[in-house]
Amino acid sequence: MKKWLATLGVITCVFGLTGCGAKETKVTGAPVDSSVESQLISFGESYVTGVAQAADAGQAEAYADNDAITAAIESYDSVKEDIGTIESFRSDDEYVVMPDDSTYEIVIGYEGTGHDGYVTLNVD
């Protein structure tokens with residue numbers, strides 16, 4: 001668990017939310033072992049849920065010293081009106097690739113009350 005918390009601290013390009021029913025394009029890169037992929041997707045879903053809850057509760061100030069979480073909350077806030085509330089995740093639209101030797105790209109599909117879309121997390 002500590003490893004995941006440490007990973008959280010090195011998230012780079014945190015939130016890339018897309019909505020408006022846009023078709024998502026698969027990211028290319030090296031495939032990831034299925035057990036690692038499962039763990040990373042679970043981490044991604046938890047992270048997205050946590051960011052959405054923090055944003056909805058107006059807790060951005062509590063994370064002012066964490067650039068990654070602050071950026072994620074700001075990104076979520078900027079699209080929240082369009083996507084609505086994230087209701088669930090679409091397991092058939094979730095995957096992980098390694099575009100280079102040091103980064104995992106986690107793509108999480110979600111269903112929103114306004115639009116469905118994707119969240120992309122890049123984790124070093």
Side-chain angles (χ1 to χ4, degrees):
M1 188 63 179
K2 286 184 181 183
K3 184 175 181 179
W4 289 116
L5 293 175
T7 302
L8 178 63
V10 294
I11 289 183
T12 53
C13 182
V14 182
F15 241 70
L17 290 170
T18 58
C20 304
K23 182 76 175 158
E24 194 269 343
T25 304
K26 279 218 174 223
V27 177
T28 59
V32 177
D33 177 80
S34 62
S35 64
V36 172
E37 181 177 51
S38 177
Q39 290 176 358
L40 288 170
I41 287 172
S42 178
F43 164 76
E45 288 177 351
S46 296
Y47 187 78
V48 170
T49 299
V51 166
Q53 289 173 346
D56 291 343
Q59 295 178 336
E61 289 295 316
Y63 298 100
D65 61 337
N66 187 317
D67 293 339
I69 295 176
T70 298
I73 290 172
E74 288 172 358
S75 180
Y76 176 79
D77 281 340
S78 72
V79 297
K80 184 177 171 184
E81 186 175 319
D82 184 44
I83 66 167
T85 302
I86 296 175
E87 293 186 319
S88 63
F89 296 105
R90 299 186 319 242
S91 61
D92 58 331
D93 277 343
E94 298 177 326
Y95 59 92
V96 178
V97 294
M98 287 187 74
D100 61 49
D101 289 340
S102 64
T103 304
Y104 290 103
E105 186 140 337
I106 307 166
V107 177
I108 306 292
Y110 67 85
E111 293 180 7
T113 55
H115 290 286
D116 297 348
Y118 298 87
V119 176
T120 302
L121 301 166
N122 294 319
V123 181
D124 287 342

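Since this is a predicted model, take the numbers as computed values, not measurements.
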Using atom types as modelled and distance alone, determine if a side-chain donor or acceptor of Ser38 lies under 3.5 Å from a backbone N or O of Ser34. no

Considering all heavy atoms of both residues, which atom of Asp116 and which atom of Glu111 are nearest to each other, and what is their separation? OD1-CA, 3.2 Å

For Gly84 and Tyr76, which heavy atoms make the closest approach, and how far apart are they? O-OH, 4.0 Å

A side-chain contact here means heavy atoms from C-beta on lying under 4.5 Å apart; do Phe43 and Ile108 qualify? no

Taking all atoms of both residues into account, what is the closest heavy-atom pair of Glu105 and Thr120, and its distance? OE2-CG2, 3.3 Å

Specify the closest pair of heavy atoms between Ala64 and Thr70, including all atoms of both residues, with the distance to one decimal. CA-OG1, 3.8 Å

Please examine the side chains of Val36 and Val96, heavy atoms only from C-beta on, and report whether any two atoms are closer than 4.5 Å. no

Atom OG of Ser46 and atom CZ of Phe89: how far apart are they, to the nearest 0.5 Å? 8.0 Å

Heavy-atom check, side chain of Val79 versus side chain of His115, under 4.5 Å: no

Which pair of heavy atoms, one from Gly109 and one from Tyr118, lies closest together, and at what distance? CA-CD2, 3.8 Å

d(Leu40 CG, Glu94 CD) to nearest 0.5 Å is 11.5 Å

Closer than 3.5 angstrom, by distance alone: can the side chain of Ser102 be matched with the main-chain N or O of Asp124 as a donor-acceptor pair? no

Non-hydrogen atoms of Asp101 and Met98 that approach each other most closely: O-CE, 3.6 Å

Given Tyr104, which partner from the list Asn122, Val32, Val97, Leu121 fulfils the side chain to side chain contact (heavy atoms under 4.5 Å, CB included) test? Val32

Roughly how far apart are Asp56 CG and Asp77 CG, rounded to 0.5 Å? 8.0 Å

With a 4.5 Å cut-off on side-chain heavy atoms, are Ile86 and Val48 touching? yes

Is it the case that atom CD in Glu61 sees more than 12 heavy atoms from other parts of the structure closer than 6.0 Å? no

dist Tyr110:OH -> Glu87:CD (nearest 0.5 Å) comes out at 11.5 Å

